[in-house]
Amino acid sequence: MADLEERFDRTIERDQRVEPRDWMPDGYRATMIRQIAQHAHSEIIGMQPEGEWITRAPSLRRKAILLAKVQDEAGHGLYLYSAAETLGADRAELTGMLIEGRQKYSSIFNYPTLGYADVGVIGWLVDGAAICNQVPLCRSSYGPYARAMIRICKEESFHQRQGYELLMTMMRGTEAQRAMVQDAVDRWWWPSLMMFGPPDDASPNTARSMAWKIKRHTNDELRQRFVDMSVPQAEALGVTLPDADLRWNAERGHHDFGPIDWSELQRVISGNGPCNARRVAVRRAAHEDGAWVREAATAHAAKAAGRVAG
Ligand code: FAQ
């Protein structure tokens, strides 16, 4: 046992990857399952806010782009559930925990999409925040998760660019279109900052996850990186970020920004955001409606196994 623990510690120390068959502390396994499952759930629930606009896309081109993006999100979710399975988690159980409200998913997907500009702003800010958070996870210590992140980040980059391009197009349009973009930015900016999680002094998991090299940066470090990245992008776009305290601090070499309403994050995480009930109800209905597919696939697999055995 001491040997195994030593080998695990050495793997982490040398920046090597922990693989599914390696011994790992129970806490490491539980933390990885928690984070990967929450991430997978976020991708699957995250299909809904934009998915609601597929039938209302303003052109065939926009519809094709949005369909591709939402399908990518489904792919990311399945990819991540597979990574969780390599740790011994059961996918059906994880889905059960999501629809019973026993496991979390990202707060950001509990806000409504009120117009097509929201699709652009989700691409720009939400995928932008996701990239900021996930690029360092490509160096996460758990091999299957780190490798999954490489592909996911490439696709998220496409998602971010499509959002920004959509917003650029709208900003070149009519006054009404520009107002739609600004309104969407006003609604999504603060929730995007909350995606990075609670502040470091109120983040119970960060220290342990950093020591295990699951996380490579703290929540506040990544949030700051995202603010610094977004300010020039907002300027290029011609929108105002809704924060009167946002300004460059030459001494720190970063932008200062106003206080975040952490009670809102708490409210949304604990199930009381604007759309929590609707998001989970839609996921539950999809799961129940898909029962016949799972049954048919199981029956088919049993038959096929019988044929091989016979
Ligand atoms: N929402 O101690 P910490 C996407 C929870 S991107 C809900 O700081 P940790 C792409 C946290 O889990 C979004 N819950 O926790 C996309 C913990 O829960 P516990 C998904 C939150 O893990 C784009 C508790 O609070 N990305 O889907 C949130 O060290 C567009 C205490 O927090 C990922 O999941 C929150 N915002 O750090 C799809 C990335 N923040 O212990 C569609 C991977 C914290 O009670 C469209 N995850 N919590 O179970 C991570 O990097 C980390 O888990 C953090 C949280 C940074 C999210």
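Computed from a predicted structure; not experimentally measured. Every number for a ligand or one of its atoms is a count from 1 in the order of the listing. Only heavy atoms go into these numbers, but all of them, side chains included; no hydrogens, no water, no symmetry mates.
Inclusion of E50 in the set of residues having an N or O under 3.5 Å from an N or O of ligand 1 is not warranted. Ligand 1 has no N or O atom lying under 3.5 Å from any N or O atom of L137, backbone or side chain. Considering backbone and side-chain N/O of S209, none are found under 3.5 Å from N/O of ligand 1. Considering backbone and side-chain N/O atoms, R34 comes within less than 3.5 Å of an N/O atom of ligand 1.
Atom 35 (C) of ligand 1 has as its closest protein heavy atom S107 OG, 3.5 Å. Remark: minimum distance from atom 50 (C) of ligand 1 to any protein heavy atom is reached at Q35 NE2, 3.6 Å. Looking only at protein heavy atoms, the nearest one to atom 15 (O) of ligand 1 is N205 ND2, 3.3 Å. The protein heavy-atom contact nearest to atom 9 (P) of ligand 1 is K215 NZ, 3.5 Å. When hydrogens are left out, the protein atom nearest atom 43 (C) of ligand 1 is Y145 OH, 3.4 Å; that is the closest non-hydrogen contact.
The proximity of H76 to ligand 1, defined as any non-hydrogen pair under 4.0 Å, does not occur for either the backbone or the side chain. Contacts between Y105 and ligand 1, counted as non-hydrogen atom pairs separated by less than 4.0 Å, involve the backbone only. Contacts between K104 and ligand 1, counted as non-hydrogen atom pairs separated by less than 4.0 Å, involve the side chain only. Counting heavy atoms under 4.0 Å from ligand 1, residue E156 touches it through the side chain alone. For I269, every heavy-atom contact with ligand 1 shorter than 4.0 Å involves the side chain, none the backbone. Contacts with ligand 1 closer than 4.0 Å are made by heavy atoms of both the backbone and the side chain of S203.
One finds a salt bridge joining R279 and E52 here, because a Lys/Arg side-chain nitrogen approaches an Asp/Glu carboxylate oxygen to under 4.0 Å.
Taking CG from D127 and OH from Y164, the interatomic distance works out to 15.0 Å, rounded to the nearest 0.5 Å.
By the 4.5 Å heavy-atom criterion applied to side chains, L66 and R62 are not counted as neighbours.
The shortest heavy-atom distance from P204 to ligand 1 is under 4.0 Å.
Between the side chain of S42 and the backbone N or O of S106 there is at least one donor-acceptor pair closer than 3.5 Å.
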